[in-house]
**Student:** 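Before anything else, here's the structure in question.
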There are 2 protein chains.
Amino acid sequence: MVGVRWASVQGMVILVQAPAAVPARHPGRKRVTSQTELEQAAFGLFAAHGFEQTTVDEIAAAAGIGRRTFFRYFPSKNDIPWGAFELELERMRVRLKACPREVPLMDAIRLALIDFNRVSPAQVPLHRRRMELILRVPALLAHSTLRFTAWRQVIAEFVAQRSGRRPDELAPQVIAHAVLGVAVAAYEHWLDHPAADLGALLDDGMRQLDAAFSGSLR
Amino acid sequence: MVGVRWASVQGMVILVQAPAAVPARHPGRKRVTSQTELEQAAFGLFAAHGFEQTTVDEIAAAAGIGRRTFFRYFPSKNDIPWGAFELELERMRVRLKACPREVPLMDAIRLALIDFNRVSPAQVPLHRRRMELILRVPALLAHSTLRFTAWRQVIAEFVAQRSGRRPDELAPQVIAHAVLGVAVAAYEHWLDHPAADLGALLDDGMRQLDAAFSGSLR
DNA sequence: AGCGTAACGGCACTAGGTGCCGGAATCAAG
DNA sequence: CTTGATTCCGGCACCTAGTGCCGTTACGCT
């Protein structure tokens, strides 16, 4: 039901806290709901009345919990659409680290980018709703900046490791910003063109950027 | 005193409204302060207690106006550090449009980027405080997203015009995101290394990105 | 002086977010 | 079964940003 496997993860549990499925013998009262349940309740309300018109009170009421409790599951209303982002991010970090050094830097990044954003067909509608909220609701787009920083850091660390620099140097940061830019631009396009293939857009985006610098774009 | 010359500007007055200096025969009560004055009062408080610890009431009190009036000068507390950004942006738009077609696309952008971010030595300290707030205070960094969108749009429109595409196509958007990324990364570096030259960092950033795609970075 | 106009600013209200604290649920041990 | 430690729930009070409303104030012009 809860469906989040996380046995292998140890640290890095920032957003996703213990789901109720784990039978572990914890003392104390059981959690009455989960992030996933709250997310579903919230998404329903967002779809019906829009993000801004939906108050936290309404979400809490719809989920049958107190307003105060809501803020124990999500640090803010803006965090609702992000799901298990930190987990996904960790996945990308591992994937990049596992990439053989024979693969050229930008190829490695391009492939990881595509892989990171692959979703099973069954989850596409949910993913689309998520991204629609994140990229189209001004307050959420603004909030996303903070998540994007963590995302970029993963790229920057990979570039740094590969090129013998420190992650905070200019080159890794610039590349990380650029790659994130490709991702966001591809998503924007994907939202506007539902028939488009996200992976292809990401691939294309990276190649367009390449082309721009190679001078083939005038 | 007010010091904002704007006689030559006509449209595009979004943030900067009529300063009291213009003698124009407007009926009605005169404005009692200006964005610049409020900005100064606010910056003082920010430096003393930090952005988040400073309330709008305190800023208003320091400037000798009512809290309600503050919100007639700035749409939100988050907008304080942005100064005449819209005006600057318009300057960049004009500058790009004036660039001869002989100049290759990415060179034109690189030069405009450097030019856009040139500040006179006397204004460097203020500019640094501005950017420190915008890029280091989480709430302001988040808010900046909205301004950055407008900034990217200027780049995207230029690329589109040059390459015979529409601004919302993938290539212009990707390039715009990447260039903004260079700018932000350069500013981050500049904030960490006060001795560095911002123009050089921007130039370097663009070239690093170029190098990454040319495969010279491994 | 009087009139139209526009800015001021108080008041009340909404909404997100937080600290505090008593109460309820759960598990383990006696 | 009772007790106690632990953990979660959720009400309450409070803070802050931001907005609509509206009476008041200051200004320019006639």
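Just so it is clear: chains get the letters A, B, ... in the order the sequence lines come, proteins before strands, and each one is counted from 1. Every value quoted in this text rests on a predicted model; they were computed, and no experiment measured them.
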**Student:** Check whether Phe158(A) forms a cation-pi arrangement with Arg95(A) (NZ or CZ under 6.0 Å from the six-membered ring centre, at most 45° off the ring normal).
**Tutor:**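 No cation-pi geometry.
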**Student:** What's the CG-P distance between Leu140(A) and dG16(C), to the nearest Å?
**Tutor:**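 About 12 Å, once rounded to whole Å.
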**Student:** CZ of Arg31(B) versus C1' of dA6(C): gap in Å, rounded?
**Tutor:** 10 Å
**Student:** Hey, which sits more toward the 5' end of DNA chain C by its nearest nucleotide, Arg68(A) or Gln53(A)?
**Tutor:** Gln53(A)
**Student:** In whole Å, I'd like the distance from the CZ atom of Arg67(A) to the C1' atom of dT14(C).
**Tutor:** 11 Å
**Student:** Does the side chain of Thr69(B) get closer than 4.0 angstrom to OP1 or OP2 of dG9(C) through an N or O atom?
**Tutor:**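 Yes, Thr69(B) has a side-chain N/O under 4.0 Å of OP1/OP2 on dG9(C).
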**Student:** Is there side-chain contact between Asp79(A) and His143(A), with heavy atoms separated by less than 4.5 Å?
**Tutor:** yes
**Student:** From CD1 of Ile59(A) over to C1' of dG16(C), roughly how many Å is that when rounded to an integer?
**Tutor:**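 So the CD1-C1' distance, Ile59(A) to dG16(C), works out to 11 Å.
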**Student:** By nearest heavy atom, map Thr55(B) and Arg29(B) onto DNA chain D; which one lands nearer the 5' end?
**Tutor:** Thr55(B)
**Student:** Taking 4.0 angstrom as the limit, do Glu39(A) and Arg129(A) come out as a salt bridge?
**Tutor:**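 Salt bridge absent between Glu39(A) and Arg129(A).
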**Student:** CD1 of Ile65(A) versus P of dG23(C): gap in Å, rounded?
**Tutor:**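 It is 22 Å, rounded to the nearest whole Å.
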**Student:** OP1 or OP2 of dC8(C) less than 4.0 angstrom from a side-chain nitrogen or oxygen of Tyr73(B), does that happen here?
**Tutor:** yes
**Student:** Between side-chain atoms of residues 131-139 of chain B and protein atoms elsewhere (two or more places apart, or another chain), which donor-acceptor pairs fall under 3.5 Å?
**Tutor:**
unit_1    : atom_1 : unit_2    : atom_2 : d
Arg136(B) : NH1    : Glu188(B) : OE1    : 2.7
Arg136(B) : NH2    : Asp192(B) : OD1    : 2.8

**Student:** Does OP1 or OP2 of dG16(C) have a side-chain N or O of Lys77(A) closer than 4.0 Å?
**Tutor:** yes
**Student:** According to the interplanar angle, ranging from 0 to 90°, do the rings of His193(A) and His189(A) count as parallel (below 30°), tilted (30 to 60°) or perpendicular (above 60°)?
**Tutor:** parallel
**Student:** Just say parallel, tilted or perpendicular for the rings of Tyr187(B) and His127(B), cut-offs at 30° and 60°.
**Tutor:**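 Rings of Tyr187(B) and His127(B): perpendicular, as their planes differ by over 60°.
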**Student:** Kindly determine whether Tyr73(B) and Ile80(B) satisfy side chain to side chain contact (heavy atoms under 4.5 Å, CB included), including the steps that lead there.
**Tutor:** CA-CA 9 Å; Tyr73(B) 284 84; Ile80(B) 297 175; over 6 Å; no
**Student:** Between Arg72(B) (CZ) and dA6(C) (P), how many Å, whole number?
**Tutor:** 14 Å
**Student:** Reading DNA chain D 5' to 3', which nucleotide is the first, and which the last, to come under 4.0 Å of any heavy atom in chain B?
**Tutor:** dT16(D) to dC29(D)
**Student:** Expressed in angstrom and rounded to an integer, what is the separation of Asp57(B) atom CG from dG10(C) atom P?
**Tutor:**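 Rounded to whole Å, this separation is 10 Å.
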**Student:** Find which nucleotide of DNA chain D each of Gly28(B) and Phe51(B) is nearest to by heavy atoms, and output the residue with the more 5' nucleotide.
**Tutor:** Phe51(B)
